[in-house]
Every structure is written in C-alpha cells, then in structure tokens.
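Each remark here refers to the structure printed beneath this line.
Predicted model, so just to flag it, every value in this text is computed and none were measured. Residue numbers run from 1 in the order of the sequence given.
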Amino acid sequence: MNFLKSFLILFSVALCTPKFFAQEKLPLIPYPQNVDLIQGSFKIPKSIKYQSDFSKNEVENIDFAFKIFNQTNIVFKKNPSKKSQIIFSVLPPNLEDGVWAKDFYAVIIMPNQIQIQSNTDKGRFYAINTLFQLFNFYETKGEIPCMEITDSPKFQWRGMHLDVARHFFTVDEVKKYIDYLAMYKFNTFHWHLTDDQGWRIEIKKYPKLTEIGAWRNGSMIGKYSDNTFDDKRYGGFYTQEQIKEVVKYATERHITVVPEIEMPGHAVAAIASYPELGCTGKQIEVEKKWGVFEDVFCPKPETFTFLESVLAEVMPLFPSEYIHIGGD
C-alpha cells in the first residue's frame with residue numbers, strides 16, 4: 001500500500017511538471033538568479049512582432065539588440081499594436097523596498113505573449129539576450145516552456161582580458177571578441193595594449209612607439225624551455241581612430257573598455273623606441289621572448305613627462321573610470 005501511494009504521488013508530480021523540464025536545466029549562460037516554470041508553452045512562429053511605448057532612442061536600442069542577438073530563422077518585426085507577441089514595458093513599483101536592483105529585468109513567457117520588463121536600456125539588453133538564448137535552443141523544438149525569469153547582474157565588474165601585445169588581433173577580431181562578451185553578459189573589456197613584446201596604441205606625441213615599438217624581429221616557437229624563435233617580423237598597432245571605433249562598438253553593447261598601459265615594468269617596447277627612458281640609456285630591441293625583463297622605466301624627470309603625456313592622450317579615448325597601469 002505504501003509503495004502504491006508513493007507511486008501515485010510521483011505520477012501526479014510528473015503530470016504537473018512543465019514540458020521539457022523533467023530533468024533539464026535552462027540553456028542560459030550566465031544562469032539567471034530566479035527561474036519559475038509555469039504551465040504551458042509558447043509556440044514559436046516564423047514571424048514575431050514586438051512593441052514598446054518607450055522613447056525613440058530606447059526603441060532604437062531595442063531594435064539594435066534584436067539585430068545583434070538574432071541568430072535564428074525567425075523574423076522579428078517592430079509593431080505598434082498591443083497584440084504583438086513580445087511586449088516591452090517599464091517595471092511596476094517594487095512593493096518590498098521601493099528599489100529594483102541595478103539593471104534588473106524580467107522575462108515572462110506565457111502561451112500567447114512574452115513580456116519583458118526593465119527600467120534601463122542595459123536591463124532590456126540583457127533581457128533580449130536571455131530571450132534569444134532560449135529561442136536559439138528551442139527553435140528546432142518549435143516551442144518554449146512558459147516561465148518567469150527575473151535577473152540582474154550579480155557582480156558590478158564582470159570582465160574579460162585580451163592581451164594584444166604578445167599576439168596582435170585586428171580590429172575585426174577584437175570586435176568579434178566583444179560580440180562574445182556581449183553574448184555572455186560581460187560588462188568590462190580589459191584591453192592589454194602595451195608590453196615588452198609590443199606597443200599597440202598610437203601616441204601622436206611619440207610616433208616611434210608605433211614605428212619601432214609595435215614591431216619585433218621574431219616570436220618564440222615551441223616550448224618556452226626550447227628558447228627557439230621564428231625570426232619573422234611581427235606586430236601591428238591601432239590608430240586612435242581605430243581605438244575610438246572599438247570603444248564605440250563596445251559601448252553599444254553595454255561594455256566598458258579599460259585600457260592597460262604597463263609601467264614601470266613590461267616596458268621594453270617603449271624603451272626600444274626611446275632608449276633614454278631606460279636606466280642604461282642603451283639601444284635595445286623589442287622583446288621576442290615571453291617572460292619578465294630587467295629593462296624598466298627609469299624614475300627620472302623625462303620618464304614622468306613621457307608617461308604623463310602618454311596618459312594625456314589615452315584618457316580621452318576611453319570613457320572608463322579606470323586605466324590599468326600594471327604596477328609590475
């Protein structure tokens with residue numbers, strides 16, 4: 001009798017479990033803070049209309065997010081009608097404490113409509129990203145289980161780093177990297193622009209930084225312990241206009257770019273360009289080898305003038321609150 005009773009209870013629970021989710025976790029990265037599954041499913045049509053009552057600028061931001069995240073075969077169309085399948089709206093007052101978490105958003109999927117709620121552009125951006133992750137996963141199944149998702153960034157700084165000093169990336173490659181950051185809701189891009197093996201940012205007052213410092217006469221190949229090099233000239237740099245282009249691209253995706261200008265160590269590329277910045281005054285080459293080296297910026301008046309002048313050109317290019325200066 002006890003076995004039969006237990007079986008009936010389990011059978012009843014199974015009947016109430018939403019489709020697809022008996023043992024399955026949502027295909028979302030990062031995972032939302034709260035997911036509540038509800039009965040029913042939203043059948044995915046070939047064409048979906050979306051609507052919002054926001055300002056022109058906010059609607060343009062929504063349109064932009066739809067374009068960059070849509071990798072499905074579904075056609076999304078802007079529509080002024082309240083009968084649209086996706087409705088954007090402002091969050092209602094928070095009855096508990098009167099304040100929503102920063103960039104909080106809600107995605108509510110019902111059988112006939114999807115509601116997206118947030119009070120910020122960034123929150124809506126994250127909500128659309130979440131929705132498209134679900135569309136990408138469930139499109140082949142033809143329907144998405146109904147659910148309520150509420151989420152906000154858990155960390156104020158959620159960043160990734162890219163070292164373009166040792167291995168140079170083109171502007172298009174950097175943009176592709178930023179696209180991946182946006183896909184996974186990163187909000188900070190740490191751009192490592194200078195090191196012993198290459199100086200990658202144009203500084204108009206010091207043209208030798210890119211004429212000399214951006215190029216090395218080879219790179220390590222094989223194991224570090226092999227100490228072998230290919231002896232091929234290697235390098236590249238970004239003009240200030242290209243820097244602005246990348247920063248704008250990232251900003252549109254709600255990502256802050258934090259530049260890294262190394263000092264006082266990891267300065268071989270700069271000293272190779274201007275030997276007077278070093279402690280020996282000798283001409284050296286941009287490093288081909290990975291590792292740590294003894295040639296560093298020498299603490300003297302001309303060095304501080306150089307560093308202040310470099311940062312004076314770097315700061316206007318980046319709206320970030322911080323610049324990383326290494327400190328090694």
Side-chain angles (χ1 to χ4, degrees), residues 159-171 173-174 177 189-240 242-243 246 257-315 317-318 320 322-328:
M160 284 289 285
H161 168 275
L162 184 66
D163 179 355
V164 297
R166 294 175 180 87
H167 302 284
F168 184 70
F169 288 72
T170 66
V171 168
E173 289 169 335
V174 173
Y177 187 78
F189 170 39
H190 183 141
W191 203 1
H192 188 130
L193 290 166
T194 73
D195 215 297
D196 297 307
Q197 296 78 16
W199 184 283
R200 304 296 180 214
I201 178 171
E202 177 191 27
I203 302 297
K204 296 182 185 295
K205 188 172 182 178
Y206 297 100
K208 290 182 182 180
L209 288 172
T210 47
E211 292 171 5
I212 297 173
W215 307 92
R216 62 177 184 257
N217 294 318
S219 303
M220 290 198 79
I221 55 176
K223 298 178 182 178
Y224 182 83
S225 57
D226 291 342
N227 207 33
T228 55
F229 306 87
D230 61 15
D231 296 323
K232 296 178 182 178
R233 190 169 186 263
Y234 180 90
F237 66 92
Y238 309 102
T239 66
Q240 292 192 7
Q242 288 175 320
I243 295 285
V246 170
V257 183
V258 175
E260 179 171 355
I261 309 296
E262 288 271 17
M263 62 181 84
H266 296 285
V268 171
I271 297 170
S273 306
Y274 296 94
E276 63 272 20
L277 299 174
C279 294
T280 67
K282 294 180 180 179
Q283 180 66 60
I284 59 175
E285 289 189 353
V286 178
E287 270 297 339
K288 300 189 293 184
K289 190 174 183 177
W290 320 138
V292 179
F293 305 95
E294 293 184 357
D295 288 291
V296 300
F297 287 124
C298 194
K300 50 189 177 180
E302 52 263 54
T303 299
F304 291 108
T305 298
F306 168 81
L307 293 174
E308 288 173 1
S309 299
V310 167
L311 291 177
E313 289 194 35
V314 170
M315 286 188 288
L317 300 174
F318 298 91
S320 60
Y322 298 101
I323 289 178
H324 186 225
I325 59 171
D328 300 333

State whether the number of non-hydrogen atoms from other residues, nucleotides or ligands found under 6.0 Å of Glu285 atom CD is greater than 12. no
To the nearest 0.5 Å, what is the distance between CD on Gln197 and CG on Asp163? 8.0 Å
Does anything in residues 258-267 pair up under side-chain hydrogen bond (donor to acceptor under 3.5 Å, both in side chains), and if so which pairs, sequence neighbours excluded? His190-Glu260, His192-Glu260, Asp195-His266, Asp196-His266, Glu260-His324, His266-Asp328
So, taking the atom named CD in Gln242 and the one named CZ in Arg200, what distance separates them when rounded to the nearest 0.5 Å? 13.0 Å
Side chains of Pro259 and Ser320 in contact at under 4.5 Å (non-hydrogen atoms): yes
Main-chain N/O of Trp215 paired with Trp199 side-chain donor or acceptor, under 3.5 Å: no
Ring pair (Phe, Tyr, Trp, His ring centres under 6.0 Å) involving Tyr274 - partner list, sequence neighbours excluded: Tyr206
Between Arg216 and Ala165 the two heavy atoms that sit nearest each other are NH1-O, 3.5 Å
Minimum heavy-atom separation for Gln283 to Pro275, with atom names? OE1-CG, 3.3 Å
Interatomic distance, CG@Leu209 vs CZ@Phe306, rounded to 0.5 Å, equals 4.5 Å
Note, Asp230 side chain near Lys288 side chain (heavy atom, < 4.5 Å): no
From Arg166 CZ over to Tyr234 OH, what is the distance, rounded to the nearest 0.5 angstrom? 12.0 Å
Determine whether more than 12 heavy atoms belonging to other residues, nucleotides or ligands lie under 6.0 Å from atom OH of Tyr322. no
In sequence, state the C-alpha distance, the side-chain angles, and the governing distance for Met220 and Asp226, and then conclude on side chain to side chain contact (heavy atoms under 4.5 Å, CB included). CA-CA 9 Å; Met220 290 198 79; Asp226 291 342; over 6 Å; no
Looking only at non-hydrogen atoms, find the nearest pair between Trp290 and His167 and report the distance. CZ2-CE1, 4.0 Å
Short question: side chain of Thr303, backbone of Pro299 - any donor-acceptor pair under 3.5 Å? no
Report the C-alpha distance between Tyr177 and Val246 in whole Å, list the side-chain angles of each, state the deciding distance to 0.1 Å, and finish with yes or no for side chain to side chain contact (heavy atoms under 4.5 Å, CB included). CA-CA 11 Å; Tyr177 187 78; Val246 170; over 6 Å; no
Looking at Ile201, Thr194, Ile243, which one forms a side chain to side chain contact (heavy atoms under 4.5 Å, CB included) with Val314? Ile201
Heavy-atom donor-acceptor pair, Ser273 side chain to Ile212 backbone, under 3.5 Å: no
Would you compute the distance between atom CH2 of Trp191 and atom CG of Leu162 and round it to the nearest 0.5 angstrom? 8.5 Å
Non-hydrogen side-chain atoms of Asn217 and Val286 separated by less than 4.5 Å: no
With rounding to the nearest 0.5 angstrom, report the CG to CD1 distance, Leu317 to Ile203. 7.5 Å
Check for a donor-acceptor pair, side chain of Lys204 on one end and backbone N or O of Glu313 on the other, with a separation under 3.5 Å. no
Would a line drawn from the ring center of Tyr238 to the ring center of Phe169 be shorter than 6.0 Å? no
Walk me through whether Val174 and Phe168 qualify under side chain to side chain contact (heavy atoms under 4.5 Å, CB included). CA-CA 10 Å; Val174 173; Phe168 184 70; over 6 Å; no
Is a side-chain donor or acceptor of Lys300 paired with a backbone partner of Gly278 at a separation under 3.5 angstrom? yes
